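Written out below as structure tokens is the structure these notes cover.
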Amino acid sequence: MEKDKLEECILQMHEIGVLKFGDFTLKSGMQSPVYFDMRIVTSYPKLLKVVSELLWCVAPRKAYDHICGVAYTGIPLATVISQLQDMPMLVRRKESKNYGTKQLVEGVYRAGQSCLIVEDVLVSGTSVYETVETLRNLQLNASDAVVFLDRQQGGACNLHTLGVNITPVVTLDQMLEVLKRHGRIQDTMIAEVQQFIRKNNVTKIRTKCEEAVSVPANERLIKTFELRADAAVHPLVRSLLGIVTSKRSNLCVSADVSSCTELLTLAQQVGPHICLLKTHVDTLPDFSDSVAQQLRSVAQQHNFLLFEDSKFVDIGATVARQWERRGAWADIVTVVPIAGDGLLTAIAQAALDNSKKGVILVAEMSSDGALRSAEYQEMCRAAAKRFPHLVMGFVSQSSISQSPWLLQLSPGVSVSASGDALGQRYVSPECSVGERGADVIIVGRGVTTSSDPAAAAANYQQLAYSAYLERVKRL
Ligand code: 5BU
């Protein structure tokens, strides 16, 4: 995205009164010191076009069968994108007509087609979700949304829980930063707005059946790592949280490199900044016991644990055979628990000392189109309950467990990219920890492709740990 274009757009929005500071009542009834009134942008056609272009820039994919704006302000924005990209548009009514076809969605579409949703401002995500629900009822694939401003009040996380990926052009914090840099806003106002956001960052979406879907201030997210270490069932959770607090690092670097020499070099470089080093040893042709031994000594030297992303998924008997090469050498392994208890039983038997081995269950992946099934997540939670001395937590993208003695590890984190060409999706460290509930972030290419991996790791370390401190402070 062009930074200058965005800055100019923000400054113009401030000039024409899109962004107002004062005392406002939001749609939800909440009192807010800041209000974003995008409706008036339609009176400024050039700005409307720029906003629409910026929105299209953050769309996770570059092709959809349709585009649909959330009524009302999302509609003109979607219209402009539809024109610029030559992409058919659907119009969702707020109420269905009681004459003619009585359709809630106007346009020509087929079941199974994809639709990008466009919104102006995100608070709880309710309006976006109403549009998603309608489109999904018509069997359209409505999993991606873009929004101009994310007010950072939990909407992105709420939507994510419902299988909707929303990407903002800008967050309120970023907007304030631009206004501050250009002398448009006083520090006292920034502090007031930030305090308001911090106090009101948990919102709820009410689905049709009026069930509250929310990001509750759950026990896992409220408690500090120190308190959670004391309450931990698994000794390795205690050890890991001890490392996290003593090194002030909740960063796991994913060492996705091509050779064992590179692996050992990277481990030395990032060692001081990480609590975990994650590997895929099946991608390293020269991995051997001796390399495992060397890695172990680097891990000891820098005080981190070794985490093999084995994704064991087979029947117990097969995993028992895979264990020697892909599991035995590491402290922690990943498991996809779809094959019943045999697999975890096999690991419990194969690990010589269960207190020194840990399993992380893959509950929810970071990539585009990944399974997000409530039934599967429940299977993961139940497996964790049945194997409390083996399972340390989950890899997931949202807070699937409230248990403070279990950990949430989240990959798909980058400070600069929004995804890769093969479906990986990224969020920032702040979003992963602050909004999605990660305890530990997992970063691969964000570090490995940097010209200075140590500095890149130090940056992720700082961002993720600050986001954790912020989370426990605010909840
Ligand atoms: P990246 O370079 O930061 O995209 O690497 C992420 C790493 O985490 C990579 O090793 C993946 O195999 C791994 N990963 C992931 O990206 N998403 C998931 O849901 C799981 C693992 Br589980």
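Note that these values count all heavy atoms, side chains included, but never hydrogens, waters or copies made by symmetry. We count ligands from 1, going down the list as the structure has it; atoms in each ligand are counted the same way. Since the structure is predicted, the reported quantities are computational estimates derived from the model, not experimental observations.
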Original post:
Is the closest basic N to carboxylate O distance between E378 and R381 below 4.0 Å?
Top reply: yes
Using distance only, find each side-chain donor-acceptor pair of residues 316-325 under 3.5 Å and give its atom names and separation, not counting sequence neighbours.
none

Original post:
So I338 and Y376, side-chain contact (heavy atoms from CB on, under 4.5 Å) or not? Walk me through it.
Top reply: CA-CA 8 Å; I338 55 170; Y376 175 62; 3.5 Å; yes
Subject >> W405 atom CH2, neighbour heavy-atom count above 12 within 6.0 Å >> reply: no
Subject >> Check: F307 and T279 side chains under 4.5 Å, non-hydrogen atoms >> reply: no
Original post:
Between R445 and D256, is the closest basic N to carboxylate O distance under 4.0 Å?
Top reply: no
**OP:** Could you pull out every protein residue that has a heavy atom closer than 4.0 Å to ligand 1, ordered by chain and then number?
**Re:** S254, D256, K278, H280, D309, K311, V362, M365, S366, V395, P411, Q424, Y426, V443, G444, R445
